[in-house]
Enquirer: 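Sharing a structure here in structure tokens format.
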Amino acid sequence: MAEPNYAVELIPPDIEPYRAGNTGVEYVTTFDSGRSGPHVLVTALTHGNEICGAIALDRLFRAGLRPRQGRLTLAFDNVAAYRRFDRRYPVASRFVDEDFNRLWDEATLDGPRQSVELTRARTLRPFVDAADFLLDIHSMQYATAPLMLAGTLDRSVALARRVGIPELIMCDVGHAAGKRMRDYGAFADPAAAKTALLIEAGQHWQNRAAEVATGVMLRFLLAVGTLSRDDAAPIGGPEFDANPQQRVIEVTEAVTIAGDHFEFAGEFRGLEVLNPKGTLIGRDDGREVRTPYDECVLIMPSRRLAKGHTAVRLGRFVA
Ligand SMILES: [Zn+2]
């Protein structure tokens with residue numbers, strides 16, 4: 001399958017000014033309003049090559065915005081991978097040893113295994129534990145519509161609706177290869193109140209991803225009461241005032257690769273709606289993988305088609 005060649009439009013920002021921070025942990029800064037209110041955490045560079053989130057945080061820092069209530073913590077996650085970013089090989093810096101966003105279960109975090117990403121995850125864990133609300137900013141391989149990943153809990157979907165952008169909200173349980181930060185601990189506990197969202201802001205290198213990341217971040221900070229509209233509007237950008245009719249895609253299953261060789265049956269980019277039930281999606285060591293129902297939506301087909309990893313997720317529009 002031919003790979004689309006996306007121009008690297010975005011310029012990775014210099015995050016060295018944020019290295020020292022004020023928390024004792026590099027690249028983590030907390031602003032305390034001195035008033036009661038939620039502790040809100042916004043994270044970027046969970047994947048080192050997804051630079052739109054670093055641009056959004058850089059804009060927030062430069063604007064000098066401070067929380068109206070509670071605390072606001074801003075963190076650059078996988079800085080070790082980001083430092084390796086090279087615009088000639090932009091996909092190479094997703095991580096150093098392993099995916100930072102597949103480590104977020106107690107057994108792995110408390111366990112004996114070591115890696116660059118586990119060390120960083122363990123260092124950041126107290127901030128994730130302390131947060132009432134989390135927004136984790138990502139981008140995608142293919143240039144498809146932005147997606148808000150809300151997990152499976154009603155309160156997360158409700159928060160995604162209060163944020164109001166982007167148009168598409170996706171409800172899913174994550175990946176067989178390991179837990180995401182947004183699904184860690186109480187964020188995924190139906191009985192808890194902590195709420196996490198993950199934004200896939202668009203294609204990794206396109207200018208629009210930075211605009212979506214910035215707009216969603218600001219709308220998120222409005223929704224949780226950290227910023228006022230007047231605070232946020234000056235850096236809001238073209239996405240900030242959008243008011244789309246939001247739609248919800250429920251993910252029913254992930255196609256996890258079982259064999260040594262997986263190939264897609266078409267040049268899928270994501271958000272294709274396949275009809276009818278039984279349409280061929282791909283072959284896993286020759287075994288046919290077909291759609292389980294009509295109007296099946298393909299979500300974020302992967303380029304990293306390795307055994308045990310997610311090839312694509314399948315879902316349907318529910319609202
Ligand atoms: Zn990502």
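Computed from a predicted model, the values in this text were never measured in an experiment. All ligand and atom numbering here is 1-based and tracks the order in the structure.
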Enquirer: A cation-pi test, strictly: NZ or CZ of Arg19 under 6.0 Å from the centre of the six-membered ring of Tyr27 and no more than 45 degrees from its axis. Yes or no?
Expert: no
Enquirer: For a side-chain hydrogen bond (donor to acceptor under 3.5 Å, both in side chains) with Thr46, tell me which candidate from Asn101, Asn78, Asp77 qualifies.
Expert: Asp77
Enquirer: Among Leu72, Leu65, Val42, which residue meets the side chain to side chain contact (heavy atoms under 4.5 Å, CB included) test with Thr226?
Expert: Leu72
Enquirer: Suppose we screen for side-chain hydrogen bond (donor to acceptor under 3.5 Å, both in side chains). Which residues come up paired with Ser156, at least two apart in sequence or across chains?
Expert: none
Enquirer: So that I know where these two stand, are Phe76 and Tyr82 an aromatic pair - ring centroids less than 6.0 Å apart?
Expert: no
Enquirer: Near the Zn ion (ligand 1), which protein N/O/S atoms fall under 2.8 Å?
Expert: His47 ND1, Glu50 OE1, Glu50 OE2, His138 ND1
Enquirer: What's the spacing between Leu298 CG and Glu272 CD if we round to 0.5 Å?
Expert: 5.5 Å
